[in-house]
Amino acid sequence: MTSLLQPPLLTRLLAAERILIAGAGGGFDVYAGLPIGLALRAAGREVHFANSSFSSLHGLGTDVWEAPELARITPDTRSADRYFPERSLARWLRAHQLPDTVWAFPPTGVQTLRAAYRALVDLLGIDAILLVDGGTDILMRGDEAGLGTPEEDMASLAAVAGLKGVPQRLVACLGFGIDAYHGVSHALVLENLAALQREGGYLGAFSVPSDSPEAVLYLDAVAHARDEYPEHPSIVQGSVAAALRGEFGDVRFTERTSDSTLFINPLMTLYFGVTVEALAARHLYLDRLENTVLLGQVASAIGRFQDSLPRQRPPRAFPH
């Protein structure tokens, strides 16, 4: 049963006992799931964090590998890579007396990534997976003129879509509008959500209250990550954080955006929720990724599909 008093996404997650929150697109995506994860822990659920990683995981010692393509990252994991968001999150979790393991998947294809997810589900007894995307390009169905950066997102979606034994498989996006800088038309995002609404796969939207404990801790985690990587802070999480602070418009929080005009606004603090099943069913090329074992094969399959289209859906302007 759903209720106006509780977003359907949270209703489904609260029905689970052991929840895996996994960044779908790499980088700092896992941070987009931190407010939900903290709220679920406060409600008595067991929550684990994982991320598709952009770091050099294969340079880590053999002791971190729980299974092929599945690394256990702790605050003490040693790496020569300066860019290591999973370890940053683990260090932040330890500093707040929270369970401090963050699981990491190297960039890979669907078959190998699904096997790693399955190993983690079995290891932890997971009964719900929440894929989180910083931005909204995971909601692209494949025929849009601008897909954002789809490779890791689509590999994650396809991998989790095949884990039919997990009772709840969900997607949450945080940071509406940010992917405009990667060519995504957010009018088409809304069109895709409307189609999912008709098919029963859209789980609504809700914002992170700026004065909630989860928002305060999220802002602290983003600031901690920025301090660890001052030369490469997350534009996505920095934008969401700025919106949570009530900033608006062309806000400067990193030199990485010096060549862009930003539009920080309250919509960036909204979570949009959908089911994995409905999102995968509407997708136009996800089946073409099924037999991939390398991320390069995923990228090639996406390119071939786009080349095969007689016409792409052009960007649409908001009418107001």
Side-chain angles (χ1 to χ4, degrees), residues 17-34 37-38 40-41 45-132 151-152 155-156 159-160 162-163 165-166 221-222 224-232 234 237 292-298:
E17 294 296 329
R18 291 171 296 280
I19 301 153
L20 176 65
I21 296 179
F28 287 93
D29 262 12
V30 65
Y31 279 72
L34 195 55
L38 294 170
L40 289 169
R41 276 190 173 146
R45 303 305 182 272
E46 182 180 316
V47 177
H48 302 272
F49 292 103
N51 200 40
S52 290
S53 181
F54 290 164
S55 301
S56 302
L57 298 182
H58 288 130
L60 301 179
T62 57
D63 58 311
V64 309
W65 296 99
E66 188 68 34
E69 311 305 325
L70 175 62
R72 182 196 296 263
I73 308 303
T74 72
D76 304 316
T77 299
R78 300 180 64 182
S79 172
D81 198 338
R82 275 286 301 130
Y83 181 80
F84 205 169
E86 296 81 21
R87 187 177 62 187
S88 289
L89 179 56
R91 288 174 173 174
W92 182 87
L93 290 168
R94 174 179 286 180
H96 288 77
Q97 292 81 53
L98 294 165
D100 57 18
T101 292
V102 178
W103 301 91
F105 309 110
T108 189
V110 171
Q111 288 292 316
T112 42
L113 183 56
R114 184 180 296 147
Y117 263 103
R118 185 172 286 118
L120 188 54
V121 165
D122 292 344
L123 176 69
L124 301 176
I126 296 297
D127 55 359
I129 297 175
L130 177 66
L131 288 175
V132 288
E151 290 84 1
E152 288 83 6
S156 297
V160 172
L163 296 176
V166 179
V222 172
H224 173 268
R226 184 184 64 239
D227 290 343
E228 288 223 327
Y229 306 111
E231 72 284 2
H232 204 283
S234 170
Q237 307 306 329
T292 58
V293 295
L294 302 172
L295 191 64
Q297 294 171 322
V298 173

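Residues take their numbers from the sequence shown, with the count starting at 1.
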Task: Tyr31 side chain to Leu89 backbone, donor-acceptor under 3.5 Å - done: yes
Open item on the list: Let me confirm one number: the CD-OG1 distance from Gln297 to Thr108, rounded to the nearest 0.5 Å.
Closed with: 8.5 Å
TODO: Under the side chain to side chain contact (heavy atoms under 4.5 Å, CB included) rule, what do Ile73 and Leu60 come out as? Steps first, then yes or no, please.
DONE: CA-CA 10 Å; Ile73 308 303; Leu60 301 179; 3.8 Å; yes
- [ ] Might you point out which heavy atoms bring Arg114 and Leu163 nearest each other, and give the distance in Å?
- [x] CG-CD2, 3.7 Å
TODO: Spell out, as yes or no, whether a donor-acceptor pair under 3.5 Å connects the side chain of Tyr229 to the backbone of Phe84.
DONE: yes
Open item on the list: I'd like to know if the side chain of Arg72 and the backbone of Thr101 have a donor-acceptor N/O pair within less than 3.5 Å.
Closed with: no
TODO: Specify whether Trp65 and His58 have parallel, tilted or perpendicular ring planes, treating 30° as the upper limit for parallel and 60° as the lower limit for perpendicular.
DONE: parallel
Open item on the list: If we ignore hydrogens and angles and just use 3.5 Å, is the side chain of Ser53 paired with the main-chain N or O of Pro106 as donor and acceptor?
Closed with: no
Open item on the list: Test your reading of the model: is there a side-chain donor-acceptor pair from Thr292 to the backbone of Gly109, 3.5 Å cut-off?
Closed with: no
Open item on the list: Return the CD1 to CG distance between Ile21 and Leu38, rounded to the nearest 0.5 Å.
Closed with: 8.0 Å
Open item on the list: Salt bridge or not between Asp76 and Arg94? Use side-chain N to carboxylate O under 4.0 Å.
Closed with: yes
Task: Distance (rounded to the nearest 0.5 Å) between Glu69 CD and Leu113 CG - done: 9.0 Å
Open item on the list: Pair Tyr117, Val166 - check side chain to side chain contact (heavy atoms under 4.5 Å, CB included), show working.
Closed with: CA-CA 11 Å; Tyr117 263 103; Val166 179; over 6 Å; no
Task: Rounded distance (nearest 0.5 Å) linking atom OG of Ser234 with atom CG of Asp29 - done: 8.0 Å
Task: Donor-acceptor pair, side chain of Asn51 and main chain of Glu86, under 3.5 angstrom - done: no
Task: Gap between atom CZ of Arg118 and atom CG of Leu70 - 0.5 Å precision - done: 13.0 Å
Task: Arg18 side-chain N/O to Ile126 backbone N/O, donor-acceptor pair under 3.5 Å - done: no
- [ ] Look at the side chain of Gln237 and the backbone N and O of Phe28, then say whether any donor-acceptor pair between them is shorter than 3.5 Å.
- [x] yes
TODO: Say whether Ser88 and Glu228, considering side chains only, have a donor N or O and an acceptor N or O under 3.5 Å apart.
DONE: yes
Task: Where Ser52 and Ala24 come nearest, the two heavy atoms and their spacing - done: OG-O, 3.6 Å
Task: For Tyr83 against Gly27, the heavy-atom pair lying closest together - done: OH-CA, 3.3 Å
Task: Gap between atom CG of Leu40 and atom CG of Leu130 - 0.5 Å precision - done: 8.0 Å
Open item on the list: Treating Thr112 as the side-chain partner and Val293 as the backbone partner, does any N or O pair qualify as donor plus acceptor under 3.5 Å?
Closed with: yes
Task: Nearest atoms (heavy-atom pairs only) where Asp100 meets Pro75 - done: O-CD, 3.5 Å
TODO: Give the minimum heavy-atom separation between Leu123 and Glu66, together with the two atoms involved.
DONE: CD2-CG, 3.7 Å
Open item on the list: Under the rule for side chain to side chain donor-acceptor pair (under 3.5 Å), what residues qualify as partners of Gln97, not counting sequence neighbours?
Closed with: none
Task: Side-chain touch Arg82/Glu231, heavy atoms, less than 4.5 angstrom - done: yes
- [ ] Write down the atom of Arg41, the atom of Phe49, and the distance for their closest heavy-atom approach.
- [x] NH1-CE1, 3.5 Å
